[in-house]
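Have a look at the structure below before the remarks.
For ligands, and for the atoms within them, numbers begin at 1 and follow the listed sequence.
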Amino acid sequence: MSENRQLGALTATCHWIGQKGWSPATGGNMSVREDREHCLISESGKDKGTLTEQDFLRVDLASGKAPCGRTPSAETGLHTLLYRLYPQVGAVLHTHSVNSTVLSRVERSGALVLEGYEMQKSLRGQTTHLDQVVIPIFDNSQDIPALVQKIAASAEKTPLQYGFLLRGHGLTCWGNDVAEARRHLEGLEFLFQCELQRRLLEAK
Ligand SMILES: CSC[C@@H](O)[C@@H](O)C(=O)COP(=O)(O)O
Ligand SMILES: [Zn+2]
């Protein structure tokens, strides 16, 4: 495997995600950009909380294939789409927290709108709780190429920012490097928990 300065940070982030309980069983997948044409992504079917640097496979962004012959994440297509669409994206984290799984089902529309929270400022470029942060929700599918097409079509109309939810599945978020992707993940998870609790309490 070629050297990638971000890979150590990504592996540590995977362990942190595991400790948070956001990648139960073999759920979740994580990647880091290597260059304009390649990323390093977690091997399919592993426990993401105990990954080592050897568990990341070099994948071609155009084909989604790993030349080494091992099997990259089943959701590689979602990562490669983000790296292809946005040259500034340096790391992508996909997690299966309880809050993202439940909230993406409770919210029946095509987006979760976050508003009124100071922690919105954990997201790049956000400066006030008064703005709206819109996180798109796409219906889950086992057909990843079809899902990729759907997300790409939506991104053409409205560029993606920070992350998106897959309904009943989880969150995919990103940043310009591993540290920013991790901050976005932590910020969004905090906001999801607040939003779920607010909805529960206000429903009474
Ligand atoms: C618990 S299986 C979940 C998978 O289907 C998938 O959603 C997932 O996040 C992990 O798939 P993987 O192929 O290991 O990257
Ligand atoms: Zn998943």
Original post:
Going by distance only, is there an N or O of A74 that falls short of 3.5 Å from an N or O of ligand 1?
Top reply: yes

In ligand 1, which numbered atoms sit nearer than 4.0 Å to a non-hydrogen atom of [X]?
X: H169; result: 7 (O)
X: G45; result: 12 (P), 13 (O), 14 (O)
X: H94; result: 9 (O)

Subject >> Separation between SG of C173 and NE2 of H184, rounded to the nearest 0.5 Å >> reply: 8.0 Å

Does [X] reach ligand 1, in the sense of a heavy atom lying below 4.0 Å from it?
X: K48; value: yes
X: G28; value: yes
X: A25; value: no

**OP:** State, to the nearest 10 degrees, the angle whose vertex is the Zn ion (ligand 2) and whose arms point to NE2 of H169 and NE2 of H96.
**Re:** 90°

**OP:** Taking the Zn ion (ligand 2) as the reference point, name the nearest N/O/S atom of E75.
**Re:** OE1

Subject >> H94: its N/O/S atom lying closest to the Zn ion (ligand 2) (atom name) >> reply: NE2

Distance to 0.1 Å, residue and atom name: give those for the protein heavy atom nearest to [atom].
atom: atom 4 (C) of ligand 1; result: E75 OE2, 4.3 Å
atom: atom 11 (O) of ligand 1; result: N29 ND2, 3.8 Å
atom: atom 13 (O) of ligand 1; result: S44 OG, 2.6 Å
atom: atom 1 (C) of ligand 1; result: T26 OG1, 3.7 Å
atom: atom 3 (C) of ligand 1; result: H96 CE1, 3.6 Å

Original post:
So does Y86 have more than 12 non-hydrogen atoms from other groups sitting under 6.0 Å from OH?
Top reply: yes

Original post:
Has Q149 got more than 12 heavy atoms of other residues, nucleotides or ligands less than 6.0 Å from its CD?
Top reply: no

Original post:
side-chain hydrogen bond (donor to acceptor under 3.5 Å, both in side chains) with N29: which of H96, H79, K46?
Top reply: H79

**OP:** Indicate yes or no for a side-chain donor-acceptor contact from T101 to the backbone of S97 under 3.5 Å, with no hydrogens or angles considered.
**Re:** yes

Original post:
Does the pair Q126 and Q120 meet the rule for a side chain to side chain donor-acceptor pair (under 3.5 Å), with working shown?
Top reply: CA-CA 6 Å; Q126 296 295 319; Q120 289 168 213; 4.8 Å; no

Pairing of [X] and [Y] as salt bridge, 4.0 angstrom limit:
X: R182; Y: E186; answer: no
X: K65; Y: D60; answer: no
X: E202; Y: R199; answer: no

**OP:** With heavy atoms under 4.0 Å as the rule, classify the contact between S73 and ligand 1 as side chain, backbone, both or neither.
**Re:** both

Subject >> Heavy-atom pair with the smallest gap, counting every atom of V92 and Y83 >> reply: N-OH, 3.4 Å

